[in-house]
Protein chains: 2
Amino acid sequence: MLNRAAAQRVRTFAPRTDIAREGEKPKDVHLILNGWACRYKQLEDGRRQIVSFFLPGDICDLNIFILREMDHSIGTITPVSIADLSREFFDEISTGYPRVATAFWWETLVNAAIQREWTMNLGQRTASERMAHLLCELFFRLRLAGLAEDNSCSFPLTQADLAEATGLSKVHVNRTLQELRANNLIVLKGKMLVLPDLERLMSAGLFNANYLHLDREGRQLDANE
Amino acid sequence: MLNRAAAQRVRTFAPRTDIAREGEKPKDVHLILNGWACRYKQLEDGRRQIVSFFLPGDICDLNIFILREMDHSIGTITPVSIADLSREFFDEISTGYPRVATAFWWETLVNAAIQREWTMNLGQRTASERMAHLLCELFFRLRLAGLAEDNSCSFPLTQADLAEATGLSKVHVNRTLQELRANNLIVLKGKMLVLPDLERLMSAGLFNANYLHLDREGRQLDANE
DNA sequence: GTACCATACTAACATAAGTTATTGAATGCG
DNA sequence: CGCATTCAATAACTTATGTTAGTATGGTAC
């Protein structure tokens with residue numbers, strides 16, 4: 001499946017550019033092959049909120065073409081390459097391969113669960129809990145994608161990105177990271193994140209991985225499918 | 001379709017009770033026939049966040065049974081009656097009626113869009129913007145469901161509910177509502193909400209209805225389908 | 001009607017987080 | 001290599017929102 005996907009149109013984007021913009025008619029489903037991207041929304045006065053991150057292997061909004069226009073934008077963090085999956089390709093795959101269709105639903109439901117957890121994160125957690133939680137989530141997801149070492153991962157987000165994702169100011173993000181550092185919960189330097197004690201970071205962020213549904217009953221695809 | 005749904009098992013719940021709980025195995029899809037409910041998440045220390053509201057006609061988490069366990073709870077606000085749609089009923093419907101399947105996708109995508117907007121709401125909007133935005137959203141959705149008059153609707157949420165949905169304290173919710181009242185943006189008394197000037201409330205909340213996708217290209221069901 | 005409970009409201013005070021501004025350290029570019 | 005730009009760090013100060021605690025109001029059960 002993934003091979004066939006890769007055989008579709010592949011495009012690459014520079015860092016800090018838009019893959020799709022709010023207001024556009026959504027045409028394809030995007031599969032992230034490489035790099036980090038994010039979904040964000042913007043208010044008229046410029047306030048910006050990152051509402052989710054895309055890591056390699058993630059699919060943006062299945063069946064999005066059912067909607068008339070995009071209600072958010074998708075932008076890159078690092079250089080990114082994506083495969084565009086057309087509506088036709090997509091329909092064909094999902095009717096022809098029921099297990100693939102199930103896997104698509106799984107992806108959709110997990111994305112929704114992540115979005116709910118973000119709502120919780122912004123609504124209830126304090127700044128440092130919120131930051132710890134976000135770092136845990138990204139680390140777990142990277143690990144699942146095979147992109148993390150034992151206790152570290154590459155980490156291309158700037159403090160400004162973290163501010164837009166957590167709803168905090170840049171200054172407060174800095175303060176919060178200092179605090180996590182002072183407690184030996186993170187080592188973050190030069191696009192590299194080390195988590196010396198994941199357990200403690202998880203409890204600092206009141207992080208419970210259940211919402212990521214890592215068991216993935218419906219996620220039985222292998223690369224040849 | 002809706003008739004057949006109603007022919008499934010129907011249950012009623014008292015106000016302020018749980019329909020489903022975090023940790024349970026999700027068995028059915030729930031269709032709200034009557035009343036208001038909400039989805040919420042809770043931290044170990046008791047902090048609670050309402051992550052979405054369900055109004056009559058809403059469906060909770062299509063295909064949720066693909067996941068192994070619930071990552072959130074569903075509770076009632078008012079008395080509620082629901083139809084439980086079994087996995088089998090659901091599969092049968094969606095394979096037999098492609099337009100229904102499309103409508104299901106539409107529902108799923110709009111719910112995701114609403115969840116993203118909530119993330120934006122909590123992350124970027126001030127208390128009064130946030131409150132104004134939430135009131136606009138509920139009013140638009142009620143109107144779509146045929147449950148609003150010209151500029152008013154029944155409104156069973158307490159200030160405590162609003163606090164849990166907006167991530168504000170109860171006291172600040174009260175202050176915020178006073179402010180909206182003082183600006184003649186709302187009249188809220190005894191379970192009834194009046195919006196004397198929807199346009200102004202919308203701009204106070206930086207509300208743009210695009211994320212609700214009211215055009216609903218994929219939402220062509222009528223009651224007989 | 002009285003008692004009770006949930007909800008709404010108010011006030012005084014505490015604090016987490018935002019703002020503005022400056023500096024220093026990396027990083028990339030011509 | 002030097003310059004420019006982005007990013008990170010810090011400081012001083014402001015403000016939005018939270019906390020605690022109490023009073024008022026309104027519905028409803030007996």
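In the text below, chain A, chain B and the rest are named by the order of the sequence lines, each starting its count at 1. Values below: every heavy atom of this structure, side chains too, minus hydrogens, waters and symmetry copies.
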Along DNA chain C (nearest heavy atom to each residue), the more 5'-positioned of Gly190(A) and Gly167(A): Gly167(A)
Closest nucleotide among dT10(D), dT17(D), dC7(D) to the Thr158(A) side chain: dC7(D)
Figure out the [atom1]/[atom2] separation between [X] and [N], and round it to whole Å.
| X | N | atom1 | atom2 | answer |
| --- | --- | --- | --- | --- |
| His172(B) | dT19(D) | NE2 | C1' | 13 Å |
| Gln124(B) | dA16(D) | CD | C1' | 15 Å |
| Gln159(A) | dA9(D) | CD | C1' | 8 Å |
| Leu122(B) | dA16(D) | CG | P | 19 Å |
| Arg130(B) | dA16(D) | CZ | C1' | 10 Å |
| Arg175(B) | dA16(D) | CZ | C1' | 9 Å |
| Lys191(A) | dA8(D) | NZ | P | 5 Å |
| Asn174(B) | dT17(D) | CG | P | 15 Å |

Can a donor-acceptor pair be found between the side chains of [X] and [Y] at a distance below 3.5 Å?
| X | Y | result |
| --- | --- | --- |
| Gln42(B) | Ser73(B) | no |
| Asn174(A) | Gln178(A) | yes |
| Thr108(A) | Asn111(A) | no |
| Tyr40(A) | Glu22(A) | no |

Test: [X] and [Y] ion pair at under 4.0 Å:
| X | Y | value |
| --- | --- | --- |
| Arg48(A) | Glu164(A) | yes |
| Arg141(A) | Glu137(A) | yes |
| Glu117(B) | Arg125(B) | yes |
| Arg116(A) | Asp61(B) | yes |

Tell me what [X] touches on the nucleic acid: a base, only sugar-phosphate, or nothing, going by heavy atoms under 4.0 Å.
| X | result |
| --- | --- |
| Arg16(B) | nothing |
| Leu168(B) | sugar-phosphate |
| Ser169(B) | base |

Relative orientation of the end axes in the helix from dG1(C)-dC30(D) to dG30(C)-dC1(D), expressed as an angle to the nearest 10° (five pairs per end): 50°
Parallel, tilted or perpendicular, as decided by the 30° and 60° cut-offs, for the rings of Phe207(A) and Phe140(A): tilted
Contact interval (first through last nucleotide) of DNA chain C with protein chain B, 4.0 Å heavy-atom: dT7(C) to dA12(C)
Earlier contact from the 5' end, DNA chain D, for Val171(A) and Arg125(B): Val171(A)
